[in-house]
Each structure stands twice: as C-alpha cells, then as structure tokens.
Asker: 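Supplied in structure tokens, the structure appears directly below.
Whatever order the structure lists ligands and atoms in, that order sets their numbers, starting from 1. All values below come from the heavy atoms of this structure, side chains included, with hydrogens, waters and symmetry mates left out.
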Amino acid sequence: MAKLSVRDVDVSGRRVLMRVDYNVPIEEKNGVIVVNDSTRIKETLPTLNLLTGKGARLILAAHLGRPDGKREPGLSLKPVAEKLAELLGKPVQFVDETVGPKAEAAANALKNGEILVVENVRFHAEEEANDPVFAAQLSRLADVYVNDAFGAAHRAHASTSGVARIIRAWGGQAAAGLLMERELKFLGDELETPARPFVVILGGAKVSDKIKVIDRLLEKADTIIIGGAMAYTFRLAAGGKVGKSLVEADKTAIATSAVNKAKAKGVQFLLPSDNIIATPVKTDKLNKKGKPIFDLQDPRVNVGDIPDDAEGLDIGPASVKAFNDVIAGAKTILWNGPMGMFEDKRFAEGTNAVAQAVVAATQNGGAKSIIGGGDSVKAINKAGLGDKVTFASTGGGASLEFLEGIPLPGVVALNDQP
Ligand code: AMP
C-alpha cells in the first residue's frame with residue numbers, strides 16, 4: 001500500500017516534525033567540528049523546500065554517530081544545522097535540547113517557513129529503545145510528522161516509529177517525504193514488475209548477508225550475477241578451491257540451494273570464471289583491532305582454483321566481459337555490493353567495469369538502473385558516475401532489508417495513502 005505523501009498534507013502554519021538522515025561524516029579541524037560530506041543534507045532539500053514553500057514551521061530531528069544515550073558535545077547537530085543554513089542560503093535555528101520545555105518553546109516560536117534543528121536524538125537512550133514517553137515528548141513538538149530518513153527506516157526507534165504512531169493516535173498525519181517516496185518507488189514498485197531482462201548484480205563480503213535478497217530476487221530476475229568475496233562460498237560449494245580468500249565455509253549449503261533454486265526457476269546464475277588474486281604476506285604492523293596487517297603482493301589473473309597461499313580479491317577480465325555482455329542487454333538492473341576489495345585500487349577494476357557497464361546500459365540501452373545502497377553507491381560515486389544511473393539509494397542496511405521484503409518500521413508507521 002502506498003504511503004501518504006508529504007505533497008498531500010496541509011502544512012501551512014503547522015509545526016512539522018521531520019525525521020531526516022543527517023548522519024554525515026564529520027571531522028575535528030583546529031578544534032572545530034566540520035561536515036566532510038553534505039550529500040545526505042542535500043538529498044533532503046527538495047522536501048525541505050516543498051514544506052517551507054507551503055508555509056510549514058519545520059522541526060528537523062536526526063541522529064549523528066553513536067553517542068549511546070549520552071550527551072556528547074562532539075556529536076552535536078549544531079555544525080550540521082550550520083551546514084544546512086549554508087546550503088539553503090538562509091538562517092536555520094538550532095536548539096541544544098531534543099525534547100522538553102526549551103525544545104518545545106523553540107518549536108512554538110517558529111514562524112511560517114522557518115526551520116529549527118533539535119539536538120541529536122541519540123543523546124537520549126530512550127530513542128533507540130523506542131520509549132513511549134520519549135516518543136510522546138517528541139510528539140509535543142509537532143502537529144504533523146514527516147519521515148524522509150530512509151536510511152534509518154529499518155530501525156523501530158522513537159523518532160522513526162514511536163512518534164509517528166503517537167501523532168496518528170491523536171488524529172495527526174504521518175507522511176513520507178520526497179526522498180523516502182523515491183526510495184520506496186525504485187527499490188519497491190519498480191522492481192515489482194520490472195522491464196525484462198531483469199539483471200541483478202550482487203557482490204560484497206558475505207553470502208549470509210545477501211541470501212534473503214538472492215532468494216527473493218530469484219522469484220523475479222532473469223539473471224543473477226554474483227561477484228565479490230561472496231562468490232568464493234559458491235566456488236567452495238561447487239567443490240572448488242579458494243585458497244586464503246574471504247569465505248564462509250559454513251554457508252556452502254545455502255549457496256548450493258540458491259544455485260538449485262535458480263536452475264529450477266530457469267534463472268541464469270553467473271559466477272566469476274576468473275579472479276584477480278594476490279599473495280598475502282604478514283607485516284609487523286597491526287590494525288586498530290590489534291590484528292596483523294597483510295601486504296597483498298603480486299596481484300595477478302587466475303583462472304579456476306585459487307592456489308592455497310593466495311587470496312581472491314576481484315573478478316578477472318573474462319568475468320568482466322561475461323558480466324558486461326549480460327548487463328548490456330538488460331532493461332532493468334539492480335546492483336548491490338562491490339565485485340572485489342574496491343577500496344584498494346589494484347582490486348577495483350572489476351567493480352569499476354561493472355559500474356561503467358551499468359551506466360552504458362542506462363544511457364545507451366534505455367535500461368532502468370537501481371543501485372541498492374551501501375558500498376556499490378560509494379563505488380559508483382567514486383567513479384564519478386553517480387548521476388548517470390537511474391537511482392542510487394541512500395540506505396545501507398535499510399535498502400538491504402527492504403529488498404529482502406522486510407517491512408521497515410519507519411515506513412509501516414506512516415499513514416497509508418487515502
Ligand atoms: P558488503 O558490505 O557485504 O557489500 O561488502 C563490502 C565489502 O566487501 C567491501 O569492503 C569490500 O572490500 C569487501 N570485499 C568484496 N570483495 C572482496 C574480496 N574478494 N575479498 C575481500 N573483501 C572483499
């Protein structure tokens with residue numbers, strides 16, 4: 001059921017509490033906290049402008065980092081409010097409380113079209129506990145609730161779920177923001193009846209993280225392409241050797257059952273035929289967790305079984321070609337997870353080649369391309385191709401859970417469309 005849209009709510013002169021995802025990367029520079037990447041703030045501007053344009057009195061609630069229920073000055077949303085003001089080119093107010101008399105007074109003093117940011121909701125342990133008293137305190141800031149924080153919608157917290165339920169209980173409305181709507185459209189509706197061929201590309205570290213997505217998409221896809229370390233669990237399941245590669249040896253049964261299900265359903269299931277491997281050599285250095293850092297030496301192409309002393313780190317050129325041929329013919333593409341350890345540029349070529357192929361299919365072949373969040377969005381942005389795909393999700397865990405078909409608490413809590 002589609003959710004009530006922020007477009008269809010009368011907000012003029014009303015206090016609108018909007019949950020946003022302003023969990024942005026920050027850094028301390030010369031004793032001052034600065035926002036390093038304001039993408040998440042920019043993504044909310046269309047909803048903000050729509051609401052202030054209609055004369056709403058806007059109160060923004062968000063979390064930043066993991067203060068674990070304590071006030072941590074370094075995780076205040078004040079610098080984020082300042083960045084928002086800079087992006088909007090107009091003042092944004094900030095109150096150093098999230099709920100209570102001071103926050104309520106600030107919300108009540110807003111004039112039509114003005115914006116107030118309240119302090120980090122996670123300074124209160126009650127936020128993550130979805131505490132009803134805290135949710136009720138939040139509800140006192142507002143007449144209407146809007147959720148534009150798709151990235152936090154998989155959490156049943158007070159500011160994503162509890163407050164919406166309370167506002168609705170006393171007859172108020174809880175609506176989806178424009179960004180939330182786009183996420184639900186592309187990760188949801190568009191994949192219900194995809195134009196065919198529908199090609200799903202899955203990568204990343206673990207099969208166990210993605211098996212529910214694989215299982216669900218086997219019902220819809222024409223082809224499933226598997227890359228990343230995940231592919232080694234499939235290789236092991238098929239009796240192959242994976243050397244020192246990242247693998248889940250105890251998850252081969254789920255890999256086998258996915259392959260069997262694909263066969264039974266007539267879904268093409270593509271695994272890499274070759275890899276870029278390297279030899280890990282222990283160094284004297286330790287990482288943050290105190291574990292030894294390995295030097296990955298002698299990157300090279302390998303076909304078939306991976307030697308015992310080597311580690312698979314990317315898909316190889318023959319796999320790139322095979323994957324790209326399929327991607328080129330796709331009409332709908334969903335991509336989640338990198339093809340290799342793309343953070344190291346020696347092992348980023350497979351991921352970059354897939355990104356290029358997805359963009360070419362979109363730009364030249366008229367395919368709809370949906371990048372399902374997390375590291376694949378990072379990779380496509382790193383390659384400067386973020387604006388050349390149809391949609392790149394802002395969610396990480398939320399995108400994955402949504403693709404698994406799990407109802408997201410932050411979405412469920414909103415009113416249905418009348
Ligand atoms: P995920 O969060 O499951 O999408 O996994 C993304 C992570 O998987 C990235 O940090 C990649 O570096 C990592 N990754 C992908 N392929 C490999 C590989 N072959 N070996 C080691 N790490 C990998």
Side-chain angles (χ1 to χ4, degrees), residues 151 154 187 200-214 217 224-236 240-249 251 254-255 258 270-281 287-289 291-307 309-317 319-320 323 334-355 358 370-383 392-404:
H154 58 316
L187 295 179
V200 176
I201 311 159
L202 293 171
K206 293 182 177 171
V207 178
S208 53
D209 283 349
K210 312 257 161 110
I211 189 64
K212 289 200 195 109
V213 177
I214 298 177
L217 291 169
I224 294 196
I225 291 175
I226 303 278
M230 213 163 94
Y232 306 127
T233 305
F234 284 90
R235 183 183 286 269
L236 204 61
K241 294 202 163 135
V242 298
K244 290 190 167 6
S245 306
L246 186 61
V247 71
E248 289 175 287
K251 295 291 182 313
I254 58 172
L270 284 182
L271 290 161
S273 59
D274 61 349
N275 291 99
I276 305 296
I277 62 166
T279 309
V281 179
N287 67 14
K288 279 184 204 152
K289 289 181 182 158
K291 297 231 170 86
I293 294 178
F294 285 84
D295 207 11
L296 296 166
Q297 293 180 356
D298 189 21
R300 56 204 186 271
V301 176
N302 182 80
V303 181
D305 279 343
I306 297 174
D309 65 341
E311 182 175 348
L313 292 148
D314 195 7
I315 57 172
S319 308
V320 164
F323 291 0
L334 172 69
W335 178 22
N336 181 297
M339 295 292 102
M341 206 179 80
F342 75 106
E343 295 90 342
D344 182 329
K345 71 175 188 313
R346 297 174 299 166
F347 311 114
E349 264 180 48
T351 301
N352 288 340
V354 163
V358 171
I370 298 161
I371 316 300
D375 274 332
S376 19
V377 171
K378 248 186 238 163
I380 208 149
N381 284 336
K382 209 167 160 188
S393 175
T394 55
S399 317
L400 213 54
E401 286 193 24
F402 193 62
L403 289 171
E404 286 173 10

Asker: Record the part of E343 in heavy-atom contact with ligand 1 below 4.0 Å; permitted values are side chain, backbone, both and neither.
Answerer: side chain
Asker: Excluding sequence neighbours, so at least two apart, what forms ring-ring contact (aromatic ring centres under 6.0 Å, His included) with F234?
Answerer: F269
Asker: Which bit of Y232 gets closer than 4.0 Å to ligand 1, counting heavy atoms only: side chain, backbone, both or neither?
Answerer: side chain
Asker: Got a second to check how far I225's CD1 is from S319's OG, nearest 0.5 Å?
Answerer: 10.5 Å
Asker: Starting at CD1 of I277, measure out to CZ of R300 and round the result to the nearest 0.5 Å.
Answerer: 4.0 Å
Asker: For Q297, enumerate each residue passing the side chain to side chain donor-acceptor pair (under 3.5 Å) test, keeping only those at least two apart in sequence or located in another chain.
Answerer: D295
Asker: Any N or O on P338 sitting closer than 3.5 Å to an N or O of ligand 1?
Answerer: no
Asker: Below 4.0 angstrom from a heavy atom of D375, which ligand 1 atoms are there? Numbered from 1 as shown, please.
Answerer: 2 (O), 6 (C), 7 (C), 9 (C), 10 (O)
Asker: Which is closest to atom 13 (C) of ligand 1 by heavy-atom distance: G340, S376, A278?
Answerer: G340
Asker: Tell me whether E401 at atom CD has more than 12 heavy atoms from other residues, nucleotides or ligands lying less than 6.0 Å away.
Answerer: yes
Asker: Would you mind checking which non-hydrogen protein atom is closest to atom 5 (O) of ligand 1, with the distance to 0.1 Å?
Answerer: A205 N, 3.1 Å
Asker: Heavy atom to atom 22 (N) of ligand 1, shortest distance: which of L246, T351, D344 holds it?
Answerer: L246
Asker: Tell me, which protein residue and heavy-atom name are nearest atom 18 (C) of ligand 1, and how many Å apart are they?
Answerer: A229 CB, 3.6 Å
Asker: Please tell me whether N275 and R235 have a donor and an acceptor in their side chains that are separated by less than 3.5 angstrom.
Answerer: yes
Asker: What about G203: any of its N or O atoms under 3.5 Å from an N or O on ligand 1?
Answerer: no
Asker: For G312, take its heavy atoms, then give the atoms of ligand 1 lying under 4.0 Å from any of them.
Answerer: 18 (C), 19 (N), 20 (N)
Asker: Please say which of T233, D305, L236 ends up in a side chain to side chain contact (heavy atoms under 4.5 Å, CB included) with V242.
Answerer: L236
Asker: In Å, rounded to the nearest 0.5 Å, how long is the span from CG of N336 to CG of L403?
Answerer: 6.5 Å
Asker: Give the numbers and elements of all ligand 1 atoms closer than 4.0 Å to a heavy atom of G228.
Answerer: 16 (N)
Asker: Can you find a side-chain donor-acceptor pair between S208 and E248 that sits under 3.5 Å?
Answerer: yes
Asker: What are the atoms of ligand 1, with element, lying closer than 4.0 Å to any heavy atom of L313?
Answerer: 19 (N), 20 (N)
Asker: Heavy-atom pairs closer than 4.0 Å: do any link ligand 1 to the side chain of K210, the backbone, both, or neither?
Answerer: side chain
